[in-house]
Participant: 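A single structure is presented below for examination.
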2 protein chains.
Amino acid sequence: MIRILLAEDQSMVREALAALLGLEPDFEVVAQVARGDEVLAAARAHDVDVALLDIEMPGMTGIEAAAVLRRELPALKVVVLTTFGRPGYLRSAMESGASAFLVKDAPAAQLAAAVRKVLAGERVIDPTLAAAALAEGANPLTERERDVLRAAADGSTNAELAETLHLSQGTVRNYLSTAIQKLAARNRAEAVRIARDKGWL
Amino acid sequence: MIRILLAEDQSMVREALAALLGLEPDFEVVAQVARGDEVLAAARAHDVDVALLDIEMPGMTGIEAAAVLRRELPALKVVVLTTFGRPGYLRSAMESGASAFLVKDAPAAQLAAAVRKVLAGERVIDPTLAAAALAEGANPLTERERDVLRAAADGSTNAELAETLHLSQGTVRNYLSTAIQKLAARNRAEAVRIARDKGWL
DNA sequence: AGTCGGCGATGACAAATGTCATGGCCGTAC
DNA sequence: GTACGGCCATGACATTTGTCATCGCCGACT
């Protein structure tokens with residue numbers, strides 16, 4: 001039996017995926033968690049062969065959890081499953097040690113197929129997405145630029161950003177300005193949107 | 001047998017939900033669609049008892065599809081299923097004739113239960129969400145304010161908004177200004193975020 | 001030893017944004 | 001028929017935002 005861990009924060013989707021995987025006679029979903037920071041303990045406790053990780057989760061992202069698993073349980077294979085086919089996500093997932101990267105709007109058959117392939121030592125990546133990830137290059141933002149952009153995403157003003165980030169207003173505006181230029185945006189709002197779309201935020 | 005139509009744009013989730021529903025011995029998923037504008041034809045073609053509709057779909061939202069179904073096939077029961085528990089969504093869904101409103105992070109067991117309940121003539125609504133919907137009141141934005149806010153959501157400048165909406169820049173700014181005040185926001189970006197969160201966009 | 005890039009800051013300037021008062025044109029409700 | 005509210009517009013004003021030049025401090029790389 002192939003022992004599977006499922007990490008996904010939406011119960012209904014998680015249990016539905018479990019039902020789907022349960023249709024395969026040699027699959028067994030031995031653990032389900034709803035938070036990224038519960039992945040490691042569950043994987044340890046249930047002698048898991050493959051971890052299926054959603055990216056957007058409370059506590060810790062699936063990508064961060066993948067990195068933890070690689071360090072602590074290197075033999076375990078990781079499949080990252082996500083709603084958003086953002087090239088930046090693919091890049092980070094692979095850098096964190098994932099063996100497969102699937103988007104949720106791929107056909108369901110690919111899920112079981114991916115599990116079998118990663119156990120056979122293969123990597124599974126959507127070719128279109130891989131091309132997009134390579135075409136777009138790496139994240140051009142520095143860490144601070146990312147911080148400021150992330151903080152600006154909710155509509156905070158410069159004064160508030162300066163406050164929460166312990167910076168001067170001028171510095172906040174400088175970082176936003178360079179971020180806007182690097183992303184070829186016309187203002188902070190568009191910069192946020194672009195960075196989000198590419199998975200750079 | 002209870003004949004079910006499943007409308008959800010992400011294949012993997014859709015097929016997983018089908019697998020989940022398939023575990024109930026008296027349920028039969030007779031049609032699956034990935035677009036809102038395919039719901040009516042599929043419902044007609046397969047003699048459906050219950051339609052499970054996701055809200056976020058290409059072509060037409062699940063809420064719009066619910067309204068169409070009520071008009072064209074009034075006997076059919078509608079269950080709206082969504083990722084986001086936004087009170088405004090609940091309100092619109094009920095106004096469009098849905099019999100149940102479920103969020104995807106509810107336990108999977110509630111899905112089958114909701115299907116049975118709506119067929120028994122009951123309505124199914126998360127009480128917490130219902131309270132939130134009543135507490136927050138109705139959408140305070142006029143149609144034009146909504147239009148402008150929606151158009152501004154991607155970071156367009158006033159000049160571009162004026163262009164695409166065939167308005168003067170001053171009018172655009174007036175609408176945004178009133179929207180910002182109604183939503184108690186401090187700028188357009190925050191107004192967009194608030195309106196999105198409440199399901200008013 | 002020198003160069004480069006990230007980080008933080010200041011000051012000045014131009015452009016975009018948000019606010020307010022005011023007006024006209026509608027349709028509906030009282 | 002008048003009052004109200006939605007829609008569209010203008011002009012004036014203050015504030016916020018975006019850009020640019022310039023500076024200092026560090027650490028890394030050559």
Side-chain angles (χ1 to χ4, degrees), chain A residues 88 91-92 95 136-201, chain B residues 88 91-92 95 136-201:
Chain A
R91 182 180 293 265
S92 334
E95 285 170 359
E136 109 179 339
N139 187 337
L141 302 175
T142 68
E143 195 181 334
R144 288 311 259 161
E145 285 161 359
R146 241 188 346 265
D147 289 343
V148 176
L149 206 52
R150 218 187 337 255
D154 67 349
S156 297
T157 66
N158 285 330
E160 291 165 333
L161 295 175
E163 176 79 19
T164 61
L165 297 168
H166 307 293
L167 292 173
S168 82
Q169 286 200 34
T171 304
V172 167
R173 299 199 306 186
N174 286 338
Y175 279 134
L176 284 172
S177 182
T178 58
I180 288 166
Q181 291 185 315
K182 284 180 178 177
L183 299 174
R186 281 200 289 323
N187 51 54
R188 61 183 68 195
E190 198 182 8
V192 167
R193 190 178 56 73
I194 292 171
R196 269 226 187 91
D197 276 3
K198 303 221 175 189
W200 286 342
L201 208 66
Chain B
R91 183 180 292 265
S92 330
E95 285 169 0
E136 106 180 339
N139 187 340
L141 302 175
T142 69
E143 194 180 336
R144 290 308 262 160
E145 286 161 359
R146 243 189 344 266
D147 289 344
V148 176
L149 206 53
R150 222 192 326 260
D154 67 349
S156 297
T157 66
N158 285 331
E160 291 165 333
L161 295 175
E163 176 77 20
T164 60
L165 296 169
H166 307 293
L167 293 173
S168 82
Q169 285 199 36
T171 304
V172 168
R173 299 199 306 185
N174 287 340
Y175 279 133
L176 284 174
S177 183
T178 59
I180 288 166
Q181 291 184 314
K182 285 179 178 178
L183 299 174
R186 278 200 291 322
N187 51 53
R188 61 183 67 193
E190 199 182 7
V192 166
R193 190 177 56 74
I194 293 170
R196 270 228 186 90
D197 276 3
K198 304 222 176 190
W200 286 342
L201 208 66

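Letters A, B, ... mirror the listed sequences (proteins, then strands); counts begin at 1.
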Participant: Rounded to the Å, how far apart are A:Arg173 CZ and C:dA9 C1'?
Facilitator: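 My rounded result for the distance is 12 Å.
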
Participant: Answer yes or no: is there a donor N or O on one side and an acceptor on the other, between the side chain of A:Glu160 and the main chain of A:Thr157, under 3.5 Å?
Facilitator: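 It does hold such a pair.
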
Participant: Base, sugar-phosphate, or nothing: which does B:Arg144 touch, judged by heavy atoms less than 4.0 Å apart?
Facilitator: sugar-phosphate

Participant: Take A:Arg193 and A:Glu190, measure what salt bridge (charged side-chain N to carboxylate O under 4.0 Å, His left out) needs, and give me the verdict at the end.
Facilitator: CA-CA 5 Å; A:Arg193 190 178 56 73; A:Glu190 198 182 8; 3.6 Å; yes

Participant: If I take atom CG from residue A:Leu161 and atom CG from residue A:Asp147, how far apart are they, to the nearest 0.5 angstrom?
Facilitator: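 Those atoms lie 11.5 Å apart.
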
Participant: I need the CG-P distance between A:Leu167 and C:dT10, as an integer number of Å.
Facilitator: 11 Å

Participant: Under the rule for salt bridge (Lys or Arg N to Asp or Glu O under 4.0 Å), what residues qualify as partners of A:Glu95, not counting sequence neighbours?
Facilitator: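 For A:Glu95 there are no salt bridge (Lys or Arg N to Asp or Glu O under 4.0 Å) partners, ignoring immediate neighbours.
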
Participant: Kindly state which residues belonging to residues 182-201 of chain A come within less than 4.0 angstrom of DNA chain D, counting heavy atoms of the residue only, listed by number.
Facilitator: A:Asn187, A:Arg188

Participant: Under the side-chain contact (heavy atoms from CB on, under 4.5 Å) test against A:Val148, which residue among A:Leu165, A:Asn174, A:Thr171 passes?
Facilitator: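 Exactly one pass, corresponding to A:Leu165.
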
Participant: Counting distance only, does the side-chain N/O of B:Ser177 pair as donor-acceptor with the main-chain N or O of B:Arg173 below 3.5 Å?
Facilitator: no

Participant: Show your working on side chain to side chain contact (heavy atoms under 4.5 Å, CB included) between A:Leu183 and A:Lys198 and close with a plain yes or no.
Facilitator: CA-CA 10 Å; A:Leu183 299 174; A:Lys198 303 221 175 189; over 6 Å; no

Participant: Could you state the CD-P distance from B:Glu145 to C:dG18, rounded to the nearest angstrom?
Facilitator: 14 Å

Participant: For the pair made of CZ in A:Arg146 and P in C:dC7, what is the distance, rounded to whole Å?
Facilitator: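 Whole-Å distance recorded here is 9 Å.
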
Participant: For A:Arg188 and A:Asn158, what are the C-alpha separation, side-chain angles and deciding distance, and is it a side-chain hydrogen bond (donor to acceptor under 3.5 Å, both in side chains)?
Facilitator: CA-CA 11 Å; A:Arg188 61 183 68 195; A:Asn158 285 330; 2.9 Å; yes

Participant: Using a cut-off of 4.0 Å on non-hydrogen atoms, how would the nucleic acid contact of B:Thr142 be classed: base, sugar-phosphate, or nothing?
Facilitator: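 The answer is sugar-phosphate, as B:Thr142 gets under 4.0 Å only of primed atoms, P, OP1 or OP2.
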
Participant: Send over the distance from A:Asn174 CG to C:dT10 P, rounded to a whole Å.
Facilitator: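 These atoms are roughly 10 Å apart.
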
Participant: How many whole angstroms separate atom CD1 of B:Ile180 from atom C1' of C:dT17?
Facilitator: 8 Å

Participant: Hey, is the side chain of A:Ser168 poking within less than 4.0 Å of OP1 or OP2 on C:dG8, counting only N and O atoms?
Facilitator: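 A:Ser168 to C:dG8 OP1/OP2: no side-chain N or O under 4.0 Å.
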
Participant: Of all nucleotides in DNA chain D that come within under 4.0 Å of a heavy atom of chain A, which is furthest toward the 5' end and which toward the 3' end?
Facilitator: D:dT17 to D:dC20

Participant: Starting at atom OH of A:Tyr175, determine the distance to atom P of C:dG5, rounded to an integer number of angstrom.
Facilitator: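 After rounding, the gap between these two atoms is 15 Å.
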
Participant: Ignoring backbone atoms, establish whether B:Gln181 has a side-chain N or O less than 4.0 Å from OP1 or OP2 of C:dC20.
Facilitator: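 Yes, such a contact exists.
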
Participant: Measure the OG1-CG distance between A:Thr178 and A:Leu141 for me, rounded to the nearest 0.5 Å.
Facilitator: 8.0 Å

